[in-house]
Engineer: 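Please find one structure pasted underneath; my questions will follow.
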Amino acid sequence: MNPYSEFTTRVRRIVIDLGREAVLPTDLPVERVVVEPPRQADHGDLATNAAMVLAGAAKMKPRDLAARVVERLEKDPDIAEVEIAGPGFINIRLAKAWWPETLKSILEAGDRVGRSELGAGMPVNVEYVSANPTGPLHVGHCRGAVFGDALANLLEHTGYRVTREYYINDAGAQIDTLAKSAYHRYLEARGEDIGDIPDGLYPGEYLIPVGKSLDQEFGESLIKMDEKDRLAIIREKAVAMMMAMIRDDLEALDIRHDVFFSEKSLADPDNDRIATAIEALREQGAVYTGKLPPPKGQLPDDWEDREQTLFRSTDFGDDVDRALLKSDGSYTYFASDIAYHLDKYQRGFANQVLVVGADHGGYVKRMTAAVNAITGGKGALDIKLCQLVRLLRDGQPVKMSKRAGDFVSLRDVVEEVGKDPVRFMMLYRKNEAPLDFDFAKVKEQSKDNPVFYVQYAHARAHSVLRNAKLTIPDLDPSSLDLSETDFSFLNDEGEIELIKLMAQYARTVEGAALAHEPHRLAFYLYELSSAFHSHWNKGKESPQLRFINPDKRALSKARLGLIHGLILVLASGLDILGVDAVREM
RNA sequence: GACCCCGUAGCUCAGAUGGAUAGAGCAGCGGACUUCUAAUCCGCAGGUCGCAGGUUCGAAUCCUGCCGGGGUCGCCA
């Protein structure tokens, strides 16, 4: 049982009871009461802020209020010791039996460890990657891809019903460019000497197969068509092939989306949902025709002062109103995005997460404003910005030039260092912080590499199980009978420390899920691994602390239970991050 | 000029939605291998949490103003 949530409930109940008995006022803000692990170990096992957060509303001194709560806590048989400390903290030391019981509940949970009903089955849509289908994914896409995927896992683990979504930008100018570029490759495939790909088109070789495929499917017929029909055909074919390539790249990172949503489908002439969305905004008075002030600082060369159709996003927290129509009358990207987010909402996603690169920072306010407006305030959109990744080779930044088509592809990185290190390192940093990705360090097989460090802890734990089988043959560690295992043997400081950390797993997962911050889990796994490596090494100087003790069967059994619990937590956490929990290295 | 992110040990970074004496890793110094995997561990040293105010029992965390670094800035996506 997770002591933090358990005792939060117990303390809150005490406060409510005291209110009912008129010892304390009623209507105290009990939801602010939390029970947490204290920062200092010598403060005990648990600490609560109850007295301090309630003192104001109760019009009592924190320490006096604490005394009332402590009177009740002392009657709790699971508590060994309670004291009031500092400004009014209540420090709790749990009964000795508690921690072994915690381990037992982890073992009982099995591979469902850390799962919770936090989300209560609520649908959440996580949109990530959504790269333009104009070429293969490059490293820049990598971080958002891994982040979004791990976040989706995290939300699933905490009881949300998650849909992983990819928005395909298959409309607009860059798709025309793609089609024109593919047409050159088509001519090339038909044997024409095309020379260099003209400026402004995509020179990448990844379009060569598209040209060949067009030739095979359509022969010479494309040449005879008028350009409009021809490009329409090529566009569709090229986008399909680019998306197949992108999905393949993502597969290399174990990333699979549930829904691929076409931008083009929104503007279907028979059912123009962008128009519908704009109309909906217009009905609530959020659309008008007017002029925007020119941006301060340097004025764009082609600035043209003119009337345009605007969304009143300033009413919803944006800095300026935003254009919905371009000068040629077609929809802006923003307009189709509004329709898209409305569509998500109508599909049942009041809860939406969008993962994008930090260069989209300017998009946050207008998009949250739009979702707010179009859903009548009922939809929530959390936009997570991922900062750039700086690739380093031998400590030197890897230079990339987009124009020369000279960028490191996502596939190259995954093939060079492997899926697990890529995923872990992308998550071993807060999403808003820039990230250095050093090829040499990431591939290193040592404790300096956190990926390796955590995987090694898991492998090491498995190595204990393997050894146990050999040392104590009649003890099958894979089928520990919990009822016959006496976990009270686990009373060494290091063992208790491990259990305490394992007990924090559930709350770490919940916290990370609520804050949409998967990196917390990565750091937690590192910490847990560290505690294990540390305890392990104690067995060198003190052989009686080793997990396997052939002369002491019951003791060994309890310690193998601890190993099992550790494996469950590490494997679960790694699984959420999408990193393989290897058993042998 | 406006907006967003960042500023914590020499370096790279955590810091749980406001808690107690601010933590890791690297680099530095000193230790532990006839091993349940030393692919690891233990110890030492290292700080004006960018600066200045404010909010309160209490601030690295919230507010305001500066300083420094990065990103973005009608119709691109």
Side-chain angles (χ1 to χ4, degrees), chain A residues 34 36-40 43 47 49 52-53 55-56 61-62 85-89 91 130-132 134 169 171-175 263 291-298 300 302-306 308 310 318-328 330 332-334 337 357-365 385 387-388 428-430 432-434 436 441 444-450 452-453 456-457 459-460 463-468 470-471 504 507-508 510-512 514-515 517 519-520 523-524 526-527 530 533-541 543 546-549 556 559 563 584-585:
Chain A
V34 289
E36 297 180 300
R39 200 170 292 188
Q40 308 280 324
H43 287 147
N49 60 355
M52 275 123 52
V53 296
K61 286 183 186 163
F89 283 101
N91 290 333
S130 298
N132 291 337
T134 54
N169 297 123
Q174 87 286 357
I175 293 299
E263 176 188 4
K291 285 183 181 179
L292 280 181
K296 305 223 163 135
Q298 61 195 64
D302 56 348
W303 175 263
E304 175 192 352
D305 193 31
R306 63 173 191 89
Q308 45 190 346
L310 299 167
D318 201 357
D319 306 312
V320 280
D321 294 335
R322 307 289 175 176
L324 296 169
L325 297 180
K326 297 185 205 169
S327 52
D328 66 359
S330 62
T332 60
Y333 178 80
F334 180 50
D337 229 9
D359 52 338
H360 288 65
Y363 213 65
V364 174
K365 281 191 185 177
L385 299 177
Q387 277 292 342
L388 302 183
Y428 199 61
R429 192 112 313 175
K430 229 181 344 199
E432 304 103 7
D436 284 351
K441 280 190 183 159
E444 197 174 311
Q445 303 272 298
S446 83
K447 70 190 178 80
D448 296 347
N449 182 350
F452 178 81
Y453 188 83
Y456 180 45
R460 199 173 223 183
S463 140
V464 175
L465 297 188
R466 284 193 296 271
N467 269 287
L470 300 173
T471 319
Q504 289 184 37
R507 105 186 252 284
T508 303
E510 285 195 356
L514 281 172
E517 290 184 353
H519 77 275
R520 290 190 198 179
F523 281 93
Y524 167 83
Y526 185 89
E527 199 184 342
S530 173
H533 287 311
S534 176
H535 184 65
W536 173 281
N537 275 271
K538 283 190 198 155
K540 300 206 166 301
E541 287 198 356
R546 295 186 182 185
F547 293 99
I548 305 167
N549 205 319
S556 300
R559 288 184 178 168
I563 289 286
E584 215 165 343
M585 312 189 70

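To find a chain, count down the sequence lines: A is the first, B the second, and so on, and within it residues start at 1.
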Engineer: Within the 4.0 Å heavy-atom criterion, would you say Glu432(A) contacts the bases, only the backbone, or no part of the nucleic acid?
Structural biologist: sugar-phosphate

Engineer: Which residues satisfy the salt bridge (Lys or Arg N to Asp or Glu O under 4.0 Å) test with Glu36(A), sequence neighbours excluded?
Structural biologist: Arg507(A)

Engineer: Of all residues at least two apart in sequence or in a different chain, which pass the ring-ring contact (aromatic ring centres under 6.0 Å, His included) check with Tyr453(A)?
Structural biologist: Tyr526(A), His533(A)

Engineer: For Phe547(A) and His535(A), what are the C-alpha separation, side-chain angles and deciding distance, and is it a side-chain contact (heavy atoms from CB on, under 4.5 Å)?
Structural biologist: CA-CA 10 Å; Phe547(A) 293 99; His535(A) 184 65; 3.7 Å; yes

Engineer: Give a yes-or-no answer on whether the side chains of Ser330(A) and Asp328(A) include a donor-acceptor pair shorter than 3.5 Å.
Structural biologist: yes

Engineer: Separation of Glu541(A) atom CD from G43(B) atom P, in whole Å?
Structural biologist: 11 Å

Engineer: Over all strands shown, is Ser534(A) touching base, sugar-phosphate only, or nothing at heavy-atom distances under 4.0 angstrom?
Structural biologist: sugar-phosphate

Engineer: Rounding to the closest angstrom, what is the interatomic distance between A24(B) and A16(B) at atom P?
Structural biologist: 16 Å

Engineer: Can you check the distance between C63(B) and G46(B), where both ends of the measurement are the C1' atom (answer in whole Å)?
Structural biologist: 33 Å

Engineer: Determine the contact category for Tyr453(A): base if any of its heavy atoms lies under 4.0 Å from a base atom, sugar-phosphate if only primed atoms, P, OP1 or OP2 are that close, otherwise nothing.
Structural biologist: sugar-phosphate

Engineer: Evaluate the side-chain proximity of Val364(A) to Leu385(A): yes if any heavy-atom separation is below 4.5 Å, no if none is.
Structural biologist: yes

Engineer: Give me the distance, rounded to whole Å, that separates C57(B) from A2(B) when you measure between the P atoms they each carry.
Structural biologist: 35 Å

Engineer: Measuring from the side chain of Phe452(A) (C-beta onward, heavy atoms only), which nucleotide among A24(B), C41(B), U40(B) has the closest atom?
Structural biologist: U40(B)

Engineer: For U72(B) and Lys365(A) - does any side-chain N or O of the residue sit under 4.0 Å from the phosphate oxygens OP1/OP2?
Structural biologist: no

Engineer: Is there a ring-ring contact (aromatic ring centres under 6.0 Å, His included) between Tyr524(A) and His519(A) once you walk through the steps?
Structural biologist: CA-CA 9 Å; Tyr524(A) 167 83; His519(A) 77 275; over 10 Å; no

Engineer: How far, in whole Å, is U56(B) from C42(B) if one measures between their P atoms?
Structural biologist: 44 Å

Engineer: Can you give one letter per nucleotide of nucleotides 12-21 of chain B, 5' to 3': B if a protein heavy atom sits under 4.0 Å from the base, S if only from the sugar-phosphate, - if neither?
Structural biologist: SSSSBB-BBS

Engineer: Quick one: the dot-bracket string of RNA chain B, using Watson-Crick and G-U wobble pairs with both distances under 3.5 Å, [ ] for crossing pairs and | for bases paired to another strand.
Structural biologist: (((((((..((((.....[...)))).(((((.......))))).....(((((..]....))))))))))))....

Engineer: In whole Å, what separates the P atom of G70(B) from that of C33(B)?
Structural biologist: 50 Å

Engineer: Name the orientation of the base relative to the sugar in U21(B): syn if the glycosidic angle is within 90° of 0, else anti.
Structural biologist: anti

Engineer: Describe the nucleic acid contact of Leu292(A) in one word from base, sugar-phosphate, nothing, applying a heavy-atom distance below 4.0 Å.
Structural biologist: sugar-phosphate

Engineer: Rounded to the nearest angstrom, tell me the gap between atom CG in Asp359(A) and atom C1' in C3(B).
Structural biologist: 15 Å

Engineer: Just say parallel, tilted or perpendicular for the rings of Phe452(A) and Tyr456(A), cut-offs at 30° and 60°.
Structural biologist: parallel

Engineer: Any heavy-atom pair between the side chains of Leu324(A) and Leu310(A) that's under 4.5 Å?
Structural biologist: no

Engineer: Using the C1' atom on both, measure G69(B) against U17(B) and round to a whole Å.
Structural biologist: 26 Å

Engineer: Rounded to whole angstroms, how far apart are NE2 on His360(A) and C1' on A77(B)?
Structural biologist: 6 Å

Engineer: Taking only the C1' atom of each, what is the distance from G74(B) to G68(B) in whole angstrom?
Structural biologist: 30 Å

Engineer: Using whole Å, what does the distance between atom P of nucleotide G70(B) and atom CG of Leu388(A) come to?
Structural biologist: 12 Å

Engineer: Who passes side-chain contact (heavy atoms from CB on, under 4.5 Å) against Asp359(A), sequence neighbours left out?
Structural biologist: none

Engineer: Answer yes or no: is there a side-chain heavy-atom contact under 4.5 Å between Asn49(A) and Val34(A)?
Structural biologist: yes

Engineer: Could you walk me through whether Asp319(A) and Lys365(A) pass the salt bridge (charged side-chain N to carboxylate O under 4.0 Å, His left out) test, one step at a time?
Structural biologist: CA-CA 8 Å; Asp319(A) 306 312; Lys365(A) 281 191 185 177; 3.2 Å; yes

Engineer: Is a side-chain donor or acceptor of Ser556(A) paired with a backbone partner of Ile548(A) at a separation under 3.5 angstrom?
Structural biologist: no

Engineer: Assign a letter to each nucleotide of nucleotides 44-50 of chain B from its 5' end: B, base within under 4.0 Å of a protein heavy atom; S, sugar-phosphate only; -, no contact.
Structural biologist: -------

Engineer: Counting C-beta onward and ignoring hydrogens, is there a side-chain heavy-atom pair between Phe523(A) and Thr508(A) closer than 4.5 Å?
Structural biologist: no

Engineer: C5(B) P sits how many Å from Leu385(A) CG, rounded?
Structural biologist: 8 Å

Engineer: Any side-chain heavy atom of Glu584(A) sitting closer than 4.5 Å to one from Ser463(A)?
Structural biologist: no

Engineer: Can you tell me how far C1' of G31(B) sits from NZ of Lys540(A), to the nearest Å?
Structural biologist: 15 Å

Engineer: Please state the C1' separation for the pair C11(B) and G28(B) - nearest whole angstrom.
Structural biologist: 12 Å

Engineer: When all nucleic acid strands are considered with a 4.0 Å heavy-atom cut-off, which category describes Ser446(A): base, sugar-phosphate, or nothing?
Structural biologist: sugar-phosphate

Engineer: Expressed as a whole number of angstroms, how long is the span from Trp536(A):CH2 to A32(B):C1'?
Structural biologist: 16 Å

Engineer: Using heavy atoms to find the nearest nucleotide of RNA chain B for Asp328(A) and Tyr526(A) separately, return the residue whose nucleotide is more 5′.
Structural biologist: Tyr526(A)

Engineer: Need to verify one output field. Residue with the more 5' nearest nucleotide on RNA chain B, Gly539(A) or Val364(A)?
Structural biologist: Val364(A)

Engineer: Mind calculating the distance between CG (Asp337(A)) and P (A77(B)) to the nearest angstrom?
Structural biologist: 11 Å

